[in-house]
Amino acid sequence: MSISLKSPLEIEKMRDAGRLAAEVLDMIEPFVVPGVTTEELDQICHDYMVNVQHVIPAPLNYRGFPKSICTSVNHTVCHGIPGPKKLKSGDIVNIDITVIKSGYHGDTSKMFGVGEVPLRAKRLMRVCQEALYLGIQQVRPGGHLGDIGHAIQRHAESHGYSVVQEFCGHGIGKEFHEDPQVLHYGKPGTGPQLEPGMIFTIEPMINLGKRYVKILPDGWTAVTKDHSLSAQWEHTLLVTAQGHEILTLRREEAESFKQDRLKSTGT
């Protein structure tokens with residue numbers, strides 16, 4: 001496994017790409033309402049990325065993927081292709097954004113509830129996001145990739161959910177997908193050791209039912225075999241000398257993280 005350590009210049013470019021990817025998720029939120037199609041959401045994001053941000057939507061034509069974003073609704077685990085079906089109240093949808101800016105990738109995703117969302121779906125989305133944050137807390141020099149997966153798996157399974165094992169996080173930089181693979185399950189103290197300059201995604205997929213998935217005939221869309229709901233959240237992380245930096249932090253998160261820091265320092 002060849003894991004690249006990013007230079008200070010590359011890190012700055014990755015910060016820029018990550019910020020822009022997060023801004024797309026902030027921008028699209030008011031449009032995720034009952035009656036909108038995922039195809040319309042794709043077009044809004046595409047136009048914003050190309051015409052406003054002046055970035056390249058990384059998924060478009062990547063290995064034949066036909067759209068600029070991924071939209072995974074309800075029992076779709078990941079890589080959902082935007083289409084003409086309208087979202088309805090009660091749906092949950094993951095919107096996955098990757099942009100290319102100055103040759104470098106920023107990759108992030110977020111769950112959205114559409115209209116009035118059932119409690120069980122809200123709980124699944126919340127626990128999945130908590131699992132992501134617990135995984136992020138393990139990112140520090142000297143730690144191991146297995147620490148991340150273990151923290152995610154333990155939290156998800158403690159709530160009776162299952163962790164998808166067919167897909168994982170990944171290194172990222174000039175390439176969309178680089179080493180290492182970041183599993184969302186595992187044992188602490190295993191896997192490659194983390195070093196400052198590593199950049200990778202953490203993107204757990206958590207199912208309400210069993211963990212097993214299947215790929216639809218389009219070759220991309222992954223769904224739960226038992227048709228149970230699935231949730232996913234994703235951030236791009238930089239390992240720093242002090243710990244980590246979330247390169248794709250969104251506005252709402254930046255404020256809550258700031259409040260948490262103030263509480264921890266007693267100010």
Side-chain angles (χ1 to χ4, degrees), residues 1-6 72 77-79 94 96 107-111 123-173 175-215 222-226 228-249 253 257 260 264:
M1 185 179 291
S2 176
I3 303 173
S4 70
L5 301 181
K6 304 300 190 288
S72 301
V77 175
C78 61
H79 303 156
N94 175 273
D96 195 340
D107 190 3
T108 186
S109 80
K110 174 183 175 177
M111 292 300 301
R123 186 180 296 119
L124 175 67
M125 291 193 294
R126 174 179 58 79
V127 170
C128 184
Q129 187 177 31
E130 290 169 352
L132 168 64
Y133 290 154
L134 287 169
I136 288 172
Q137 288 175 13
Q138 307 307 310
V139 179
R140 63 179 72 90
H144 291 80
L145 285 178
D147 303 340
I148 299 169
H150 176 73
I152 290 168
Q153 182 178 21
R154 180 174 58 183
H155 188 67
E157 293 181 352
S158 74
H159 288 270
Y161 302 142
S162 61
V163 179
V164 173
Q165 297 187 10
E166 286 80 0
F167 301 98
C168 60
H170 52 88
I172 188 168
E175 300 296 327
F176 199 159
H177 298 92
E178 302 177 353
D179 286 334
Q181 292 190 336
V182 182
L183 303 182
H184 303 120
Y185 60 96
K187 297 180 180 179
T190 63
Q193 195 169 53
L194 304 182
E195 300 178 49
M198 287 183 178
I199 297 181
F200 51 79
T201 71
I202 305 176
E203 47 186 294
M205 288 143 273
I206 308 296
N207 295 346
L208 187 63
K210 295 182 178 179
R211 71 170 183 84
Y212 304 104
V213 306
K214 64 178 180 180
I215 307 298
V223 300
T224 55
K225 277 191 174 180
D226 60 9
S228 63
L229 292 175
S230 187
Q232 180 188 21
W233 298 78
E234 176 182 13
H235 272 310
T236 298
L237 278 298
L238 163 69
V239 183
T240 67
Q242 294 75 33
H244 63 262
E245 179 182 342
I246 303 174
L247 301 182
T248 47
L249 205 63
E253 291 176 304
F257 274 64
D260 288 344
S264 66

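Remember, predicted model here, so these are calculated numbers, not experimental data.
- One side chain, Asn94 or Ser109, offers a donor N or O that lies under 3.5 Å from an acceptor on the other.
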Verify salt bridge (charged side-chain N to carboxylate O under 4.0 Å, His left out) between Arg123 and Glu130, making sure each step is shown before the conclusion. CA-CA 10 Å; Arg123 186 180 296 119; Glu130 290 169 352; over 6 Å; no
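- Salt-bridge annotation for Glu195 and Arg140: absent, with no side-chain N of the basic residue lying under 4.0 Å from a carboxylate O of the acidic one.
- Side-chain rings of His184 and Phe167 stay apart, their centers remaining 6.0 Å or farther from each other.
- Rounding to the nearest 0.5 angstrom, the gap separating the OG1 atom in Thr236 from the CG atom in Leu249 is 11.5 Å.
- Nearest approach of Ala241 to Pro141, heavy atoms of both residues: O-CG, 3.7 Å.
- Listed for the Ser228 side chain is no donor-acceptor partner under 3.5 Å among the backbone atoms of Asn207.
- Between the Ser162 side chain and the Arg211 main chain, a donor and an acceptor come within less than 3.5 Å of each other.
- Contact annotation: the side chain of Val127 approaches that of His159 to within less than 4.5 Å [non-hydrogen atoms, C-beta and beyond].
- Between the CG atom in Leu194 and the CD1 atom in Ile3 there is a gap of 8.0 Å [rounded to 0.5 Å].
- Note that CD1 of Ile206 and CD of Glu157 are 8.5 Å apart. Values are rounded to the nearest 0.5 Å.
- The environment of Glu175 atom CD is sparse: at most 12 non-hydrogen atoms of other residues, nucleotides or ligands sit within 6.0 angstrom.
- Counted by atom type alone, Gln153 and Tyr161 present zero donor-acceptor pairs between their side chains at under 3.5 Å.
- Considering only heavy atoms from C-beta on, Ile136 comes within 4.5 Å of Ile202 through its side chain.
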side-chain contact (heavy atoms from CB on, under 4.5 Å) assessment of Phe200 paired with Asp179: CA-CA 8 Å; Phe200 51 79; Asp179 286 334; over 6 Å; no
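- A distance of 11.0 Å separates CG of Leu132 from CE of Met205, quoted to the nearest 0.5 Å.
- For Thr108 and Lys110, the side-chain atoms include no donor-acceptor pair closer than 3.5 Å.
- Asp147 contributes no side-chain N or O that, together with a main-chain N or O of Pro188, makes up a donor-acceptor pair within less than 3.5 Å.
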Before giving the answer on side-chain contact (heavy atoms from CB on, under 4.5 Å), spell out for Val77 and Thr224 the whole-Å C-alpha distance, their side-chain angles and the decisive distance to 0.1 Å. CA-CA 6 Å; Val77 175; Thr224 55; 3.7 Å; yes
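- Contact of the Ile199 side chain with the Leu247 side chain is registered, since non-hydrogen atoms from C-beta on lie closer than 4.5 Å.
- Contact check for Trp233 versus Met111: side-chain heavy atoms found under the 4.5 Å cut-off.
- Closest approach of Met125 to Ala231, counting heavy atoms only: CA-CB, 4.2 Å.
- The structure places CD of Glu234 at 3.5 Å from CG of Asp107, a figure rounded to the nearest 0.5 Å.
- In this model, no donor atom of one side chain and acceptor atom of the other lie less than 3.5 Å apart for His144 and Thr190.
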Show your working on side-chain contact (heavy atoms from CB on, under 4.5 Å) between Gln232 and Cys78 and close with a plain yes or no. CA-CA 8 Å; Gln232 180 188 21; Cys78 61; 4.0 Å; yes
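- The two residues Leu5 and Pro196 make their nearest non-hydrogen contact at CD2-O, 3.7 Å.
- A donor-acceptor pair shorter than 3.5 Å cannot be found between the side chains of His170 and Gln181.
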For a side-chain hydrogen bond (donor to acceptor under 3.5 Å, both in side chains) check, start with the C-alpha distance between Glu253 and His235, then their side-chain angles and the critical distance, and finish with the verdict. CA-CA 11 Å; Glu253 291 176 304; His235 272 310; 2.8 Å; yes
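- Within the 4.5 Å cutoff, no side-chain heavy atoms of Met198 are placed close to those of Leu238.
- When side chains are defined from C-beta on, Pro180 counts as touching Leu145, because their heavy atoms get closer than 4.5 Å.
- Between Tyr133 and Ile152 the shortest side-chain heavy-atom distance does not fall below 4.5 Å.
- If you take CD on Gln165 and OH on Tyr185, they are separated by 4.5 Å, rounding to the nearest 0.5 Å.
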Run Glu178 and Ile172 through side-chain contact (heavy atoms from CB on, under 4.5 Å) and show every step you take. CA-CA 5 Å; Glu178 302 177 353; Ile172 188 168; 5.6 Å; no
